[in-house]
Amino acid sequence: MQLSKKVIDLDELRMLAAQGVPDGAGVRSTVWKLLLGYLPKDRALWEQELAKKRSQYEAFKDEFLPNTVGGSSTTGGSEGHSDGNAEPVENGFLDRSEIAQDDHPLSLGKTSQWNQVAEHSEMIEQVDRDVKRTHPDIHFFCGDSSFAKSNQDSLRNILIIFAKLNAGIRYVQGMNEILAPLFFVFRNDPDYKNANFAEADSFFCFVELLSGLRDNFCQKLDNSAVGIRGTLFKLSQLLKKYDGELQHHLEITTEVNPQFYAFRWITLLLTQEFNFADIIHIWDTLLSDPDGPQETLLRICCAMLILVRKRLLAGDFSSNLKLLQSYPPTNIGHLLYVANKLQ
């Protein structure tokens, strides 16, 4: 088994992971951390590296999630209590005493601290809404149990810290869906210590995963060759290469363009198209791509179209759109097999 070696052969691990990682025994949790570069290849460095990263995450929580009155930070009772005499802005980071007197509350200037507080509050509200909507059918994420609530708090913490550290992207709706599989896998690690640090580990793996996808989330690049438009065009070209008849029927005859269905497939890494267990298996393959998930993702999307080609070729605009916006249950092993053949 690759994981028992002193130094992990990443090429071999990627090849094995692409076929699917065994469920149970915490194997997937370790494999995903290796595939995302969070754990070094040398096992002897694991403990030291994890301790460093987990401590760094605690520092981020201290800095970005202070316990303000009216805030709902879960960073723990001993951290960052606000001064009793100050009047903190709810969910914000600025006490009124810190805001310059000539900084008018109605100022629209980007540098206006009031404006920054307003933007921050808006972002927090969006994160809260999205976190509460994450996989409503799974008790791990939803429900009244303290376990589900603590998992929601962890998702919320990670997304807020990410937004504060990445001002160019901030928080974009749907990032919660990309975070969810990572946190689920790490939080369910049978090793109690690893499960306990799932929030910190998920944060760094989420950052790593998004670094290869950030162009899809950057609004300024939407219409550029590297933004989401460019990615959708690549999918169209891939389908044309392997099934020109289907591509022509879809995009020319019935005018069903990739942005009508594949925008969500691509930006959310297929997390809305399949049941959660299938998503986890698809991600084994996505994360095993040494160049990041994008190329493998496009092949899987292309395979999804090819697998329903008969129905698509017989369909018109509305029936094809309906089919692709609500993709039918499918054998994931076969889907990944077809996608692999498109290399």
Side-chain angles (χ1 to χ4, degrees), residues 1-10 12-14 16-17 20-62 65 74-76 79 131 134-135 138-141 145-162 175-211 269 271 276-277 279-288 293:
M1 177 63 188
Q2 260 300 323
L3 295 186
S4 57
K5 293 185 176 178
K6 281 184 180 175
V7 177
I8 310 294
D9 181 337
L10 269 184
E12 195 178 327
L13 183 70
R14 289 183 191 285
L16 292 169
V21 178
D23 294 314
V27 176
R28 181 173 282 111
S29 174
T30 305
V31 168
W32 281 16
K33 287 169 188 169
L34 282 159
L35 293 177
L36 285 163
Y38 181 57
L39 282 177
K41 291 187 287 188
D42 187 342
R43 284 178 65 95
L45 300 175
W46 285 7
E47 204 169 322
Q48 173 192 343
E49 189 61 27
L50 286 173
K52 189 177 86 180
K53 285 287 189 7
R54 288 163 177 175
S55 162
Q56 190 182 347
Y57 182 72
E58 281 307 308
F60 286 151
K61 286 179 83 168
D62 282 348
L65 302 173
T74 55
T75 51
E79 297 169 14
V131 163
T134 306
H135 295 289
I138 299 177
H139 290 307
F140 178 90
F141 294 107
S145 72
S146 57
F147 181 61
K149 282 187 169 26
S150 103
N151 291 337
Q152 285 189 359
D153 284 340
S154 290
L155 295 182
R156 180 182 187 277
N157 291 344
I158 293 167
L159 294 168
I160 291 169
I161 292 171
F162 176 85
M175 284 181 175
N176 58 306
E177 303 294 352
I178 294 177
L179 173 58
L182 293 171
F183 184 71
F184 179 87
V185 166
F186 298 161
R187 186 74 182 85
N188 283 301
D189 192 316
D191 181 320
Y192 177 75
K193 192 175 182 189
N194 283 334
N196 230 18
F197 284 105
E199 188 179 313
D201 296 348
S202 299
F203 170 78
F204 286 105
C205 288
F206 177 69
V207 168
E208 188 53 45
L209 180 55
L210 239 59
S211 70
L269 297 183
T271 54
F276 200 69
I279 292 163
I280 299 292
H281 284 290
I282 288 170
W283 275 39
D284 289 340
T285 302
L286 283 183
L287 299 182
S288 65

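Note that CZ of Phe204 is 10.5 Å distant from CG of Leu50, once rounded to the nearest 0.5 Å. Atom CZ of Arg28 and atom CG of Asn188 lie 11.0 Å apart (nearest 0.5 Å). Distance CG/Asp189 to CG/Asn196: 11.0 Å, rounded to 0.5 Å. Rounding to the nearest 0.5 Å places CG of Asp153 at 11.0 Å from CD1 of Ile158. The CG atom of Leu182 sits 10.0 Å away from the OG atom of Ser29 when rounded to the nearest 0.5 Å. With rounding to the nearest 0.5 Å, the separation of NZ in Lys53 from CD in Glu58 is 15.0 Å.
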task: Assess whether side-chain contact (heavy atoms from CB on, under 4.5 Å) is satisfied between Phe184 and Phe141, documenting all intermediate values.
output: CA-CA 9 Å; Phe184 179 87; Phe141 294 107; 4.0 Å; yes
message: Thr30 vs Trp46, test: side-chain contact (heavy atoms from CB on, under 4.5 Å). Steps then yes/no.
response: CA-CA 11 Å; Thr30 305; Trp46 285 7; 3.7 Å; yes
message: Applying side-chain contact (heavy atoms from CB on, under 4.5 Å) to Leu269 and Ile282, what does each step give before you reach the verdict?
response: CA-CA 9 Å; Leu269 297 183; Ile282 288 170; over 6 Å; no
- prompt: Should Leu159 and Phe206 be marked as a side-chain contact (heavy atoms from CB on, under 4.5 Å) after you check the CA-CA gap, both sets of side-chain angles, and the distance that decides it?
  reply: CA-CA 9 Å; Leu159 294 168; Phe206 177 69; 3.9 Å; yes
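In this model, a donor atom of one side chain and an acceptor atom of the other lie less than 3.5 Å apart for Tyr57 and Glu199.
Side-chain contact between Leu13 and Leu3: present, with at least one pair of heavy atoms (C-beta onward) separated by less than 4.5 Å. Lys61 has its side chain within reach of Ile161: a pair of non-hydrogen atoms, C-beta onward, lies under 4.5 Å apart. The shortest side-chain heavy-atom distance between Ile138 and Phe276 falls under the 4.5 Å cut-off. Proximity of Ile280 to Pro181: side-chain heavy atoms (C-beta onward) are separated by under 4.5 Å at one or more points. Residues Asp284 and Trp32 are in side-chain contact: their nearest non-hydrogen atoms beyond the backbone lie under 4.5 Å apart. With a 4.5 Å cut-off on side-chain heavy atoms, Phe140 and Thr134 do not count as touching.
At distances below 3.5 Å, at least one donor-acceptor pair connects side-chain atoms of Asn151 with backbone N or O atoms of Phe147.
Every residue two or more places apart in sequence or in another chain that forms a side chain to side chain contact (heavy atoms under 4.5 Å, CB included) with Ala17 is listed here: Val21, Val31, Leu35, Ser288.
Every pair passing salt bridge (charged side-chain N to carboxylate O under 4.0 Å, His left out) that includes a residue from residues 31-46 is listed here, sequence neighbours excluded: Lys33-Asp201.
Across every non-hydrogen atom of Ser202 and Ala198, the tightest pair is OG-O, 2.6 Å.
Under the side chain to side chain contact (heavy atoms under 4.5 Å, CB included) test applied with Leu209, the options Leu36, Leu179, Leu286 reduce to a single match, Leu36.
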